[in-house]
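What follows is a single structure, written as structure tokens, with notes after it.
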Amino acid sequence: MAGLAAIRKWVQTIFAILVNGSWSFPFTRMIYQGPLKVICSPGLNCYSCPASTTYCPMGALQHLLGGARMAVVSGQYYLGLYVIGTMGVIGGFVGRMVCGWACPFGLVQELLHKIPSPKFGVPRWMRYIKFAVLLFMVCLLPLLVVDQMGIGSPWFCKYLCPAGTLEAGLPLLLMQPSLRQTVGWLFFNKLIFLVIFLVWSVMASRPFCRTTCPLGAFYALFNKVKVVKLGFDLERCTNCQACHKVCPMGVRFNESPEDTECISCLACSRACKFGAINLEVAGLPFGTSIHPVREPVYGVVPRHDEHK
Amino acid sequence: MDGKKHKVRQMPFVVILVFLFAVTLGIMFKEPGRVLEQACQVCLSCIGIG
């Protein structure tokens, strides 16, 4: 099924258009302000992007946590339950499949990676940075570091998020000249992060997803308990390592089938000639093997234990 | 399909129910209105000038 990669690109494009479906912004020079913005964007997509029709769960969560003290004092319990609950429902169904199929910033990185250049891996330890970003920049710092009014800042949005700079910062500065006068070191700091991640994306596969994205980190928590996931059949695996070579996230699927980095893009399933990797829904096989199952050729391809 | 017995995993549905409960609580606290209010304003922090 050579068209699977093309199908995924189409799905990614459709999601990118759906969550950025307000195309009147060149005339209004403003962001969309309609009722659809109560709907959660499954992927990282800044809600201050002029075309954005949904809210960004990371941005919304930080703002709710930042304003939690003030809200509670005034008798309103805005604690982020709606946002966390929505993200949890999405995570419980598909987890990081969102990253592979529905995240606009993931699509940007994948397209950049197609530019011919020397390609490099991403050090494995860097995957843990995004969990720290989620814990500190998205949850704890907005909640605990507050100003005199008792309001916290959205640390991730303010100091780091390259999607916000790309999708909202640059377009709004182009459209609204009055905003340009307010540009300072904060903007240039974010611009540097954006440039770093864009250049890095050319040379490495999905570096932001793998190292920094707090939304990916949140969805990664569901990789063992999500409904739709990739199943692994150990009996069919010949350890040919074809799945290692094609994974855009650097996952060695046959060694860690429940790896938190897996975005269920199905590249490994397509590459596996022995039908050892297949989509499962709640533990039940979904559809048929992408490749017709062939008998493993044990004499030719060494198994794990035969390496040693 | 492959002759093996497969068991339905129930844990994902428990997890989804827990989070649906959180969504319900959020709606009870009128959080969607607050989210909409925030999302309809230009977030200066998000664009790097706030």
Atom group of [X] that falls short of 4.5 Å from chain B, counting heavy atoms:
| X | result |
| --- | --- |
| A:Leu179 | both |
| A:Met87 | neither |
| A:Pro35 | backbone |

Self-check item: Side-chain touch A:Val225/B:Arg9, heavy atoms, less than 4.5 angstrom
Solution: no
Quiz item: Do the side chains of B:Gln38 and A:Tyr47 get nearer than 4.5 Å, heavy atoms only?
Solution: yes
Quiz item: Quick one: disulfide bond (SG atoms under 2.5 Å apart) partners of B:Cys43, sequence neighbours excluded?
Solution: B:Cys46
Quiz item: What option among B:Gly33, B:Gly26, B:Cys40 has the most heavy-atom pairs under 4.5 Å with chain A?
Solution: B:Cys40
Quiz item: When heavy-atom pairs shorter than 4.5 Å are enumerated against chain A, which of B:Met28, B:Met11, B:Arg34 gives the highest number?
Solution: B:Arg34
Quiz item: Should we count CZ of A:Arg180 as having more than 12 external heavy atoms under 6.0 Å?
Solution: yes
Minimum heavy-atom distance [X]-[Y], with the two atoms named:
| X | Y | answer |
| --- | --- | --- |
| B:Val35 | A:Ala60 | CG1-CB, 4.4 Å |
| A:Val89 | B:Val23 | CG2-CG2, 4.5 Å |
| A:Met30 | B:Val42 | CE-CG2, 4.0 Å |

Quiz item: At a heavy-atom separation under 4.5 Å, does B:Gln41 approach chain A through its side chain, its backbone, both, or neither?
Solution: backbone
Quiz prompt | Interchain contact, B:Val15 with chain A, by part (heavy-atom threshold 4.5 Å) | solution = side chain
Euclidean distance, [Y] [atom2] relative to [X] [atom1], rounded to 0.5 Å:
| X | Y | atom1 | atom2 | answer |
| --- | --- | --- | --- | --- |
| A:Gln33 | B:Leu36 | CD | CG | 9.5 Å |
| A:His63 | B:Glu37 | NE2 | CD | 12.0 Å |
| A:Ile84 | B:Leu25 | CD1 | CG | 11.5 Å |
| A:Leu172 | B:Leu44 | CG | CG | 9.0 Å |

Practice problem: Over 60° means perpendicular and under 30° means parallel, so classify the ring planes of B:Phe19 and A:Phe218, tilted if in between. | Solution: perpendicular
Practice problem: For A:Ile196, enumerate each residue passing the side chain to side chain contact (heavy atoms under 4.5 Å, CB included) test, keeping only those at least two apart in sequence or located in another chain. | Solution: A:Ile192
Practice problem: Go through A:Ser153, A:Gly88, A:Gly92 and name the one with the most non-hydrogen pairs under 4.5 angstrom from chain B. | Solution: A:Gly88
Quiz prompt | With B:Phe29, the ring pair (Phe, Tyr, Trp, His ring centres under 6.0 Å) member among A:Tyr78, A:Tyr77, A:Tyr82 | solution = A:Tyr77
